[in-house]
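Here's the structure, in C-alpha cells; my notes come after.
FYI, side chains are in, hydrogens and waters are out, and symmetry mates aren't considered; it's all heavy atoms of this structure. Naming convention: chains lettered A, B, ... in sequence-line order (proteins, then strands); numbering from 1 in each chain.
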There are 2 protein chains.
Amino acid sequence: MLKVLIDRYIRDGQPVGSRTLSRDAGLDLSPATIRNVMSDLEELGFITSPHTSAGRVPTVAGYRFFVDTLLNVKPLDAKSVEQLRSELGIELATSELLESATGLLSGVTALAGVVTLPRHEHALFSRVEFLPLSDNRVLGILVTSEGEVQNRMIMTERACSPAELQQASNYLNELFAGKDLSAVRGTLLNEMQEARSTMNRMMMTAMQMADQILEKNQSEDYIMAGQTNLMEFHELCDIDKLRNLFDAFNKKREILSLLDQCVHGDGIQIFIGEESGYQTLDECSMVTAPYQVDGQIVGVLGVIGPTRMAYDRVIPIVDATARLLGAALNQKE
Amino acid sequence: MLKVLIDRYIRDGQPVGSRTLSRDAGLDLSPATIRNVMSDLEELGFITSPHTSAGRVPTVAGYRFFVDTLLNVKPLDAKSVEQLRSELGIELATSELLESATGLLSGVTALAGVVTLPRHEHALFSRVEFLPLSDNRVLGILVTSEGEVQNRMIMTERACSPAELQQASNYLNELFAGKDLSAVRGTLLNEMQEARSTMNRMMMTAMQMADQILEKNQSEDYIMAGQTNLMEFHELCDIDKLRNLFDAFNKKREILSLLDQCVHGDGIQIFIGEESGYQTLDECSMVTAPYQVDGQIVGVLGVIGPTRMAYDRVIPIVDATARLLGAALNQKE
DNA sequence: ATTTAGCACTCTCGAATATAGAGTGCCAAT
DNA sequence: ATTGGCACTCTATATTCGAGAGTGCTAAAT
C-alpha cells in the first residue's frame, strides 16, 4: 500500500525497501508481493528509486495522491485545541498575537511557521490630527476606520500656531471623514493643483500618509519563525540549498506570491515540492490556511517544511491555529 | 611577519605554510628563515598548526595583536563615503533608515549586519489624545518629547462623548506635560489609589502606554540582515554550528548583551572569537561602532562574521556607517 | 650571528580498491 | 495471486596507498 510506504518514509527519511515494509508494516505480505505492488506504483509515477538498489521514495505525484485521497485528517481534539489557545495568548495586542501565532506554528510542528499580516480591505479615512512638537515640527497622525494609525513628523517652513493646526485638521476631517482612502488621495491631488492653500505642506503630508497606509494595505508582508528547524532535515542539509531557501525567506517575494494564491483558494491549501513553481522550494512543502476576521479572509498562515513532513499531524494544527488566530483577532474588533 | 601571514590567511582561509609565504609575500626571505620566525610566533601563542604538517593558522591572540597593533586602518576615502551616504538614503523615515543601514552593512561587507534600535534616554511626556472610534472604542495616542508615538485601542464600559474624552486628555496633559515618563507612571499609580475618578479606565490605559514606552526604551532590540552571507564561509559550514548561530541571532539575548558592552566602551569595538564569552560565537568576530544623535550615543551597529574577516576593510566601513547613520538621524531631530 | 640549503620525517588529503549489505527482478512453485 | 529462491546490481563504508605539503633539524654560507 502506498500509504504505508509514505508513512514509513515520512517517519525516517530513508528510501524504503520491500523487506522493511513487509516486516514492520501491519500487512501480512511477503517482500515479493510487495515488490510487485511497488513496481506497479512506480509505473503509475507515485514512487521512484533514487538508484537501482535502494528502496523507493515517494514522488510529488505520490505525495499529492497521498494527501488528497489516502490521508484521513482528524480535527484536533478539544484538549489540544485548548492547549493551543492558551499558548497563543488571546489577551495580546494584534502584532504580538501574530508573532505568537508564528512562533506557535513553528514550535508545535518543529517546522518553519509563517503568518501574513492581516489586510484591511475597506479602510476609510477617519480623521487626521496635527500635534505641535516644537517650533516648526508637527506630528501628523492619520487614523483609519479600522483603528490603524500612522504617524509622521512634518517639518513646516514656519512655526504654526495650535489654532492653525486645528484649523487644518478640521478642514481635512470635514472634507474626508468616512471616505475611502484611495478617494482621499485622488481628491487631495486635485485640490492641490487647483488652489495652493496656505496649508499645503500639511495637506501634502496628509496625502502622503494616506498613500502610505494604502500601500501598506496593498503590499502584503509576513512574519516567520523557526527557520532553523529546517536545518534538521538532512535532505535540506546542503548548504547551497539552505542558503537559497533562507534568501527566499528574506526576499519574501516568492513566498508572498504563494501565500497570495492560498488566500484565494479557500480552506487548507498544500503545495508539495515543485508544485510551488519556485525552484528554491523544490524540496519543500507548504501547508496553509486562511484566517478570517468578521467572516472575511484577511490573511494566511501556515508552515513550510520538507516534502516529507508529517502532513496528518501538521494539517490539523495549521487549521486549528488559523481558527484560533481569527477568533482572537475578532475579539479586538 | 605576523601581518603577512594573517593577511594571507584572511584572504583564502587556508592554513599558510613557509613555502607560500616566501613566494607570494613581498619579503625576500627563504622558507627556512620563515620557518624559524613562525616557530617563534607559535611559541608566543599567535599562531598554531591544526596538525603537524599543515601550515599555521592565527589564534585569537594572534588576531588580537594583529588588529590592535599591526593594522593601520585608513578612514574610508571621500568617494566611498559619498557612495555609502547615497545608498543609505537620508530622506528615509527612521525605521526605514535603520533597515537600510543594516542592509548596507551586510551588503558592502558580505557579512551579517546588525543595528540596534536607537534609545531615547530622556523621554518626557508630551501629550495624550483620545479619539473616539465607535460607540465604546477609543483610540489612545501618547506622544513623547522625542516624537515617539504609541497608540492603543481602549474599550470603555460605556460610550464616552467627545467632550468627555477631551476633558480627560486635557486633564492628563495639564498634569503631566513635560514630566519624565517614569514619574508619570508613579504619579498616576498614586492618583489611582487615592481617588477613583470617572476617567479611571482611560487614565489606566494612559499609564499602561507610558509604561510600554518606558519598557520599549529600556529593552533594547536590534535588526539584522545578511545572515545568509555567513553560510559562504566553510569554517562555519557545519550545520550544527550554523544552527546554533542562527538560533542565537533569533534569541537575541546573547547578541544584545554583547552589543550593550559595545555601547559603553567608546569608538570601534571588536570581539574576536571566544573573546565574546559565548560559545556559539566562538568562530565569529564582531566589529561594532556606536552611533550618536545630538552628541549622545543612542545605539550600536556593526557586523558579525568569521574570525578571519578582512578587518582592515570592515572597520572603516562600520565606522563610516555609524557616522552616516548618526548624521541622518540628526537631521530628523 | 643570522640566513640558507638540504634532508629525513610526519601527516593529511584524495584516489583507487575492496567488501558488505540492501534491494531488485525474475522464475518457478505453491 | 502469492511466495521463496537466486543471481545480479549498485551504493555506502572501510581500507590502502601514494603524492604533496609542511616541518624541524643540521650544517654550510654569508
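- Following rounding to the nearest Å, A/Asp40 (CG) and C/dT24 (C1') show an atom-to-atom distance of 15 Å.
- In this structure, B/Leu21 places its CG atom 10 Å from P of D/dT23, rounding to the nearest Å.
- A sub-4.0 Å separation between OP1 or OP2 of D/dT9 and a side-chain N or O of A/Thr52 is absent.
- OP1 or OP2 of C/dT3 has not a single side-chain nitrogen or oxygen of B/Arg35 nearer than 4.0 Å.
- For B/Arg56, whose side chain is taken as the heavy atoms from C-beta onward, the closest listed nucleotide among D/dT23, C/dG23, C/dT12 is D/dT23.
- Going from atom CG of A/Asn36 over to atom P of D/dG5 covers 16 Å, rounded to whole Å.
- The aromatic ring centroids of B/Phe46 and B/Tyr63 lie 6.0 Å or more from each other.
- A/Ser285 and A/Tyr311 share a donor-acceptor pair across their side chains, judged by distance under 3.5 Å alone.
- Regarding contacts with the backbone of D/dG20, every side-chain N or O of B/Arg19 stays at 4.0 angstrom or more from both OP1 and OP2.
- Between the CE atom of B/Met38 and the P atom of C/dT3 there is a distance of 16 Å, given to the nearest Å.
- Judged purely by distance below 3.5 Å, without hydrogens or angles, the side chains of B/Tyr278 and B/Ser257 pair a donor atom with an acceptor atom.
- Counting to the nearest Å, the P atom of D/dG22 and the CG atom of B/Leu41 are 17 Å from each other.
- For A/Ile34 and C/dC26, the CD1 to C1' distance is 17 Å, given to the nearest whole Å.
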Could you please spell out the steps behind the side-chain contact (heavy atoms from CB on, under 4.5 Å) verdict for B/Glu87 and B/Leu324?
CA-CA 11 Å; B/Glu87 284 183 41; B/Leu324 289 173; over 6 Å; no
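- In the set D/dG24, D/dT23, D/dG4, the nucleotide with an atom closest to the side chain of B/Glu42 is D/dG24.
- Contact between the side-chain N/O atoms of B/Ser18 and the OP1/OP2 oxygens of D/dG22 is not found at any separation under 4.0 Å.
- Residues A/Glu42 and A/Thr48 bring no donor and acceptor atom of their side chains to less than 3.5 Å of each other.
- Distance A/Tyr9 OH to C/dG23 P: 14 Å, rounded to the nearest Å.
- At a threshold of 4.0 angstrom between heavy atoms, the contacts of A/Ala32 include nucleobase atoms, whether or not backbone atoms are also involved.
- The nearest whole Å value for the distance from the NE2 atom in B/His51 to the P atom in C/dT12 is 6 Å.
- Taking only side-chain nitrogens and oxygens, B/Ser53 never comes nearer than 4.0 Å to OP1 or OP2 of C/dT10.
- Side-chain atoms of B/Ser39 lie closest to D/dG24 of the nucleotides D/dT3, D/dG24, D/dT23.
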